[in-house]
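Everything on this sheet refers to the single structure shown next.
Each chain gets a letter, A, B and so on, in the order the sequences are listed, and its residues count up from 1.
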2 protein chains.
Amino acid sequence: MTAEPSTTPRPSAQGPGAARQHTLRERNLQLVARAVFDAPTPLSRADVAAATGLTRATVSTLVDRLVEGGLVSELPPVAAQRAGRPAVPLVPAGRSVVGLGLEVNVDYLGARVLDLTGEVVVSRVTAGSFHDSDPADVLGTLGTLARDVVAEVHDGGMRLAGARLALPGLVDARTAELEVAPNLGWSSLEPVPLLGLRGPDGSEVPVVVANEAKLAALAELAGDVPSSFLYVSGDVGIGAGIVVDGRLLAAERGWNGEVGHVVVDPAGPRCSCGAYGCLEQYAGKEEILRSAGLPVDASLAELLELLRSHDRGAGAAVQRAGRALGSALADFVNLLGVSTVVLGGVYTELEPWLRDEVLTVMGERVLAAPFVSLEVRAAQAGQYAALSGGAREVLREVVAYPAAWV
Amino acid sequence: MTAEPSTTPRPSAQGPGAARQHTLRERNLQLVARAVFDAPTPLSRADVAAATGLTRATVSTLVDRLVEGGLVSELPPVAAQRAGRPAVPLVPAGRSVVGLGLEVNVDYLGARVLDLTGEVVVSRVTAGSFHDSDPADVLGTLGTLARDVVAEVHDGGMRLAGARLALPGLVDARTAELEVAPNLGWSSLEPVPLLGLRGPDGSEVPVVVANEAKLAALAELAGDVPSSFLYVSGDVGIGAGIVVDGRLLAAERGWNGEVGHVVVDPAGPRCSCGAYGCLEQYAGKEEILRSAGLPVDASLAELLELLRSHDRGAGAAVQRAGRALGSALADFVNLLGVSTVVLGGVYTELEPWLRDEVLTVMGERVLAAPFVSLEVRAAQAGQYAALSGGAREVLREVVAYPAAWV
DNA sequence: GGCGTTTTGTTGTATGGCTGAACTATTGCG
DNA sequence: CGCAATAGTTCAGCCATACAACAAAACGCC
């Protein structure tokens, strides 16, 4: 278990390396895997051939490999209504290869395992309060939890492809270092060794660290969002993930999407970052609560309660946040040319009260507004989206480089 | 002339199509071409083999194809200082395959031809005043100019790979339609047919339309910029190009980089776009001139004159623009995670007076500022950068898909 | 119920492009 | 002048795909 492929640098399926014979294999395996995994309804080998442009002969050998490798399963052939030999439906293999999502956030930590069908195999979340916590302590706890989960998965005969650790802060994708996580009070540390995560057979489990909002953004891809969108996650801080063609837009060191400190009003209140009038001072969770007349450590439920009872102050607070958010998102859309915005984090449940203000301001400020239809919607991935997004991302790589598994 | 390849949809070198034997050829041709074109000093066949990981045998046949196709030239073998058979240096072929850049801007139009070495083969620019002009008229004039240039190139025995038309406005990349160009007074038209451009042998010349600032951004790649940067071009309007890994970041319909209407101050002056306090109201060319005490149709030279003589008002005007620009760029950098900003258009010459303010404000507002070194520099591509950038972009595609030319 | 039709999946054979090793070409050096 | 070193070429072998023929398993029609 805890397989070899993820440790190797990466197959040259589309890398800049020299293309050899086996490169063809890799690419076509990927092509076939994508066809099977992306199809809304199970395809047969012949369908795959038609979809990919490969011949049925080639598709047959490739599919056989994927079945052997445990990435694809064959369903019992179902007699169609038309003439001809019945086709064998191909589907993603369940409970075979799985991905692990891990997360530490301000008020919980958890682990979740997904299989290639997208189903949840195990999910364990523990509530807690990790404001100004000890990294070694918290990550050690998560590591223990993760080890249990990995063992359980292993006993079930599944193979773990890898793991993603989501953290609410600035993560350097190259060095796997957490630069700073203000709301945890953590800074400048390497989280992976602190997990101490090993497979039951003592093998290494490859863990990649990433920003929480970005992984949550990827979780949306399980739904019916377009392949390019902007995900904005509101909490104490405000993070964002930019998804283009189903993949995160990568920056030099992974430090993009820092929407929380976009200028809303240079004459506004001073922000913790040192500047004035940042978005966080208008649409951050604590600021919304405060301006709704609640204590900053109040729960989202309390705010929703007020909103549902048409409380004046709460309504005004959320409207104020909506205007600021709309202004920042308009900048975002002008710069990136994306037309769909998904609201995550606390914004998900506030969406009914935020939506109108956000759309109004965006309509005013987005230059291309007359030509495109801007869409703002609530996130659909449910709670602990980053856990699912992380696991999903691991599995996306499996499908993208299936050659390592056959 | 005016070759066939660009009309075909596109070779499947990295497209999602099925990988066949000849796909290997295409990819490795591309690999070898890139190696030869990107090398700072001429490589031999053996060097290319070492750089790409292909065997010398394979490289030899591939290079022979590229030489036959006129993309690569062999220099006379120069006896090295060390032992062994002297190597044959390979270089991009000059005056063989060429790209055409076209542009209509507010006060000029022009055409420029570059060859694969990056050298200018022909360049013709005509001054004019195209504020509120007739599109058919102006594009017809440009078409005539272009036809002359194409004929000249053809008579010189060169082959034209294609053309890019740069326009200062919102261009839909899919439909090749110009949505709106405020400073020309144009809207909703198809520019390419109005050019009426045909090769001397009556063949079609494939023309792709693009935004002027984006093509100017690509021209910077000829210099020593990093492969990812942000290009901001100041003029009456303010445009931007986002370059990631040497390529423009593509949005759904090509409408990104609209930095001119980013929020600087919601309490600021009303903008022509309908919103308040847009960047253009602080750092647009006309606003800078006005606040420097010059008429809005004054030339950049007059402003520079004032600045050089340490005029108070002019200095303050540029500082004000610099602060606003810094604020907008900080948002940009926070969102995209790029650390290099190139100042183009009128900002190029204003850079010495802008730079400090821009960097100061960015240092305050960029969240990752403590961890990265932000760089702000003046554009280096010279005048009419979009002409060079457009021609360059045509040739980049030739190098990226050399299989069509061998 | 047999038989043609239709569609799926498999089994050869042919082909193109890369590798690897041997070979030729051309220089420097002792 | 012969040897070592480096560049480039030639040729057999291999691998993954295409193409075509074939086997399998249904339907339907008389």
Under 4.0 Å, heavy atom to any atom of DNA chain D: which of residues 44-68 of chain B qualify?
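DNA chain D contact set from residues 44-68 of chain B: B/Ser44, B/Arg45, B/Ala46, B/Arg56, B/Ala57, B/Ser60.
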Taking atom C1' of C/dC18 as reference, at what distance in whole Å does atom CD of B/Glu26 sit?
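Those two atoms, CD and C1', are 16 Å apart.
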Which residues share a side-chain contact (heavy atoms from CB on, under 4.5 Å) with [X], sequence neighbours left out:
X: B/Ala87; value: B/Ser44
X: A/Ala381; value: A/Ala219, A/Glu220, A/Ala385
X: A/Arg20; value: A/Ala18, A/His22, A/Thr23
X: B/Ala251; value: B/Asn256

Any donor-acceptor pair under 3.5 Å joining the side chain of B/Gln21 to the base of C/dG17?
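No, the side chain and the base share no sub-3.5 Å donor-acceptor pair.
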State plainly whether the residues B/Glu252 and B/Arg174 are in salt-bridge range, i.e. N to O under 4.0 Å.
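Answer for the salt bridge query: no.
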Can you tell me which stems DNA chain C forms, taking runs of 3 or more consecutive Watson-Crick or G-U pairs with both distances under 3.5 Å?
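Result, WC/G-U stems under 3.5 Å: C:1-7 with D:24-30, C:9-30 with D:1-22.
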Please enumerate all protein N or O atoms sitting under 3.5 Å from an N or O of nucleotides 26-30 of chain C, with distances to 0.1 Å.
from, atom 1, to, atom 2, distance (Å)
C/dT26, O2, B/Arg85, N, 3.0
C/dT27, O2, B/Gly84, N, 2.9

Can you confirm whether B/Thr52 sits close enough to B/Asn28 that some side-chain heavy atom of one is under 4.5 Å from a side-chain heavy atom of the other?
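No, their side chains stay 4.5 Å or more apart.
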OP1 or OP2 of C/dG17 sitting under 4.0 Å from any side-chain N/O of B/Asn28?
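Checking C/dG17 against B/Asn28, no side-chain N or O comes under 4.0 Å of OP1 or OP2.
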Applying salt bridge (charged side-chain N to carboxylate O under 4.0 Å, His left out), can you list everything that pairs with [X], at least two apart in sequence or on another chain?
X: A/Asp47; answer: none
X: B/Asp245; answer: none
X: A/Arg396; answer: A/Glu393

Please output the side-chain donor-acceptor pairs of residues 67-74 of chain A that fall under 3.5 Å, not counting sequence neighbours, one pair per line with the distance.
from, atom 1, to, atom 2, distance (Å)
A/Glu74, OE2, A/Arg45, NH1, 2.9
A/Glu74, OE2, A/Arg45, NH2, 2.6

Chain A contact limits on DNA chain D, taken 5' to 3' with a cut-off of 4.0 angstrom to heavy atoms:
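Footprint of chain A along DNA chain D, 5' to 3': D/dC15 to D/dC27.
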First encountered from the 5' end of DNA chain D, between B/Val88 and B/Ala19:
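On the 5' side of the pair lies B/Val88.
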Just checking, is any N or O donor in the side chain of B/Arg198 or B/Ser203 under 3.5 Å from an acceptor N or O on the other one?
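Checked: B/Arg198/B/Ser203 side chains show no N/O donor-acceptor pair below 3.5 Å.
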For B/Arg392 and B/Leu114, work out which heavy atoms get closest and say how close.
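Where B/Arg392 meets B/Leu114 most closely, the heavy atoms are N-CD2, 4.4 Å.
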Assess whether side-chain contact (heavy atoms from CB on, under 4.5 Å) is satisfied between B/Leu197 and B/Leu100, documenting all intermediate values.
CA-CA 12 Å; B/Leu197 182 55; B/Leu100 171 62; 4.2 Å; yes
